[in-house]
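By convention in this document, chain letters (A, B, ...) are assigned in the order of the sequence lines, proteins followed by strands, and residues within each chain are numbered from 1.
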2 protein chains.
Amino acid sequence: MKPPSRPEALRRRIPDAAVTRLPVYLQILNKSITEGVSQLSSDQLAGLAGLNAAKVRKDLSYLGSYGTRGVGYDVAYLVYQIKRELGLLNDWKVVVVGAGNLGNALTNYAGFSSRGFEVSAVVDIDSAKVGKKVGGVVVRHVDDLLSIVNNDKVSIGVIATPPASAQRAAELLVAAGIKSILNFAALVLTVPSDVSVRSVDLGMELQILGYYEQLNRPVACQ
Amino acid sequence: MKPPSRPEALRRRIPDAAVTRLPVYLQILNKSITEGVSQLSSDQLAGLAGLNAAKVRKDLSYLGSYGTRGVGYDVAYLVYQIKRELGLLNDWKVVVVGAGNLGNALTNYAGFSSRGFEVSAVVDIDSAKVGKKVGGVVVRHVDDLLSIVNNDKVSIGVIATPPASAQRAAELLVAAGIKSILNFAALVLTVPSDVSVRSVDLGMELQILGYYEQLNRPVACQ
DNA sequence: ATCTGTGAATCAATTCACAGCC
DNA sequence: GGCTGTGAATTGATTCACAGAT
């Protein structure tokens, strides 16, 4: 047993559950900075995030030992460490498929660029929409997907099409070399096993919320 | 053996992780019906959902024993049972706060009404938007929230405002008696402990996706 | 022969509780 | 005295594996 020198390759894995909470901490910490807060204890952070202090400490300990005993965490430094871990120190290029209502909303979404993501392009299959501007980005034809992804080094695809076109959109993204897809269509996508998909479906979210509402009431997780 | 009369109160609790998968099964089953499929085995369902058969069987067993050994599950009956469990046999009324891009997209969202949810109203604080139509629903002023919620028995609020207004929107919903909130604003909301919040944040989803992308690649859960 | 339903076993996540540092 | 970092204990979720139903 002699683990000290930690080669980047076999960096200890952060548990999935903790990974999903890191962006939450990041958001809270960023907000705290704008409010002039420079130190936070695990207890305070937990209060802001709706979690408990032990979980916060455990989560942050996966990043390394960046707190100060008796004091708390330096907000700015923690922001840096979380960004480093999430790979947010360099920008990510994103392509949005579908220039309808949702594609529009997503592309206009302010929280995008402020968080290290840049919309390289919005593509649509409808030639009538090509050339129009959506949130400062010109809509291009879906046939250009491959060259957009290659030329612009796009690594993430966002599907904002109607459900009927979503599987086709996923296949086009995969064919263009995309390995990470964020899917907003109400459809379970079928993709090769080396492609990551996260699906966000409004209907499903409501159904889950409804379940807890009908039950006792005070449940669910933010 | 006589389980029939199951006192609503002490119905066995379904694990949270299983609850979040029920809507996925529901979506797949509904699609199967339109394709004329009437029977599915846990193995087939697992393939369609990207899960394994044991998990599917365990999840479905929480609903009761509705499969047939040696055969599989009757699709239509399973749909009914999942809907019953999720409380989707009766409609839910929803109010959307924020008539911007996102509110627009959400209200127009087809998957809404088809899944037991009805948008009672869209409200906005901007009087200029009041009276305009969004997806067949007239935009009303946020001051009417209380009466809308009361008169129309609305039980779920959806926040589709800019982050700066989201906390205020949440407070208005809570004041109007709403106990379940679906939040699309990039902000962690502070609400009383008897209120359920589910937050969906595009930026966070991308960050999580980015983490797995930068790491090895093939990860994440649909 | 096939496929469900479910205890038992395993694996992951959370919480506890306290030693170590400020 | 206050707060972090972390093993140990606990709780929850997943997977195994097989008895039981058709």
(request) Describe, in one word, how the ring planes of Tyr66(A) and Tyr77(A) are oriented to each other, choosing from parallel (under 30°), tilted (30 to 60°) and perpendicular (over 60°). (result) perpendicular

(message) Return the CD to OG distance between Gln27(B) and Ser199(A), rounded to the nearest 0.5 Å.
(response) 8.0 Å

(message) In whole Å, I'd like the distance from the CG atom of Leu45(B) to the C1' atom of dC3(C).
(response) 13 Å

(message) From CG of Leu60(A) over to P of dA13(C), roughly how many Å is that when rounded to an integer?
(response) 16 Å

(request) Give a yes-or-no answer on whether the side chains of Gln81(B) and Glu85(B) include a donor-acceptor pair shorter than 3.5 Å. (result) no

(message) So that I can tick it off, tell me whether Asp201(A) and Arg115(B) are bridged by a salt bridge, with the cut-off set at under 4.0 angstrom between side-chain N and carboxylate O.
(response) yes

(message) Please pick, from dC3(D), dT4(C), dT6(D), the nucleotide with the shortest atom-to-atom distance to any side-chain atom of Ser41(A).
(response) dC3(D)

(message) If the cut-off is 4.0 Å, is Ser42(B) near the phosphate of dT4(C), judged by side-chain N/O to OP1 or OP2?
(response) yes

(message) Any N or O donor-acceptor pair under 3.5 Å from the base of dT4(C) to the side chain of Arg69(B)?
(response) yes

Identify each atom pair where a protein N or O and an N or O of nucleotides 15-17 of chain C are less than 3.5 Å apart, giving names and distance.
residue	atom	partner	partner atom	Å
dT15(C)	OP2	Asn52(A)	ND2	2.4
dA17(C)	N6	Arg57(A)	NH2	3.4

(request) Check whether the side chains of Asp74(A) and Tyr80(A) place a donor and an acceptor atom closer than 3.5 Å, and report yes or no. (result) no

(request) Report the residue (Thr68(A) or Ser65(B)) whose heavy-atom-nearest nucleotide on DNA chain C is the more 5′ of the two. (result) Ser65(B)

(message) How many whole angstroms separate atom CG of Asp59(B) from atom P of dT14(D)?
(response) 7 Å

(request) Round to a whole Å and report the spacing from CG of Leu40(B) to C1' of dT4(C). (result) 14 Å

(message) Just verifying a value: how many Å separate Leu60(A) CG and Leu45(A) CG, rounded to the nearest 0.5 Å?
(response) 6.5 Å

(request) Measure the distance from CG on Leu51(B) to P on dT14(D) and round it to the nearest whole Å. (result) 9 Å

(message) Can you tell me if Tyr73(B) touches the phosphate of dG5(C), counting only side-chain N or O atoms and a distance under 4.0 Å to OP1 or OP2?
(response) yes

(request) Hey, could you give me the OG/CG distance between Ser196(B) and Leu215(A), rounded to the nearest 0.5 Å? (result) 10.0 Å

(message) Output the rounded distance in Å from CG (Asp16(A)) to C1' (dC11(C)).
(response) 13 Å

(request) To the nearest Å, give me how far apart OH (Tyr62(A)) and C1' (dT4(D)) are. (result) 15 Å

(request) For Asp74(B) and dC3(C), give me the distance from atom CG to atom P, rounded to whole Å. (result) 16 Å

(message) Both Arg21(A) and Gly70(B) contact DNA chain C. Taking the nearest nucleotide for each, which residue is further toward the 5' end?
(response) Gly70(B)

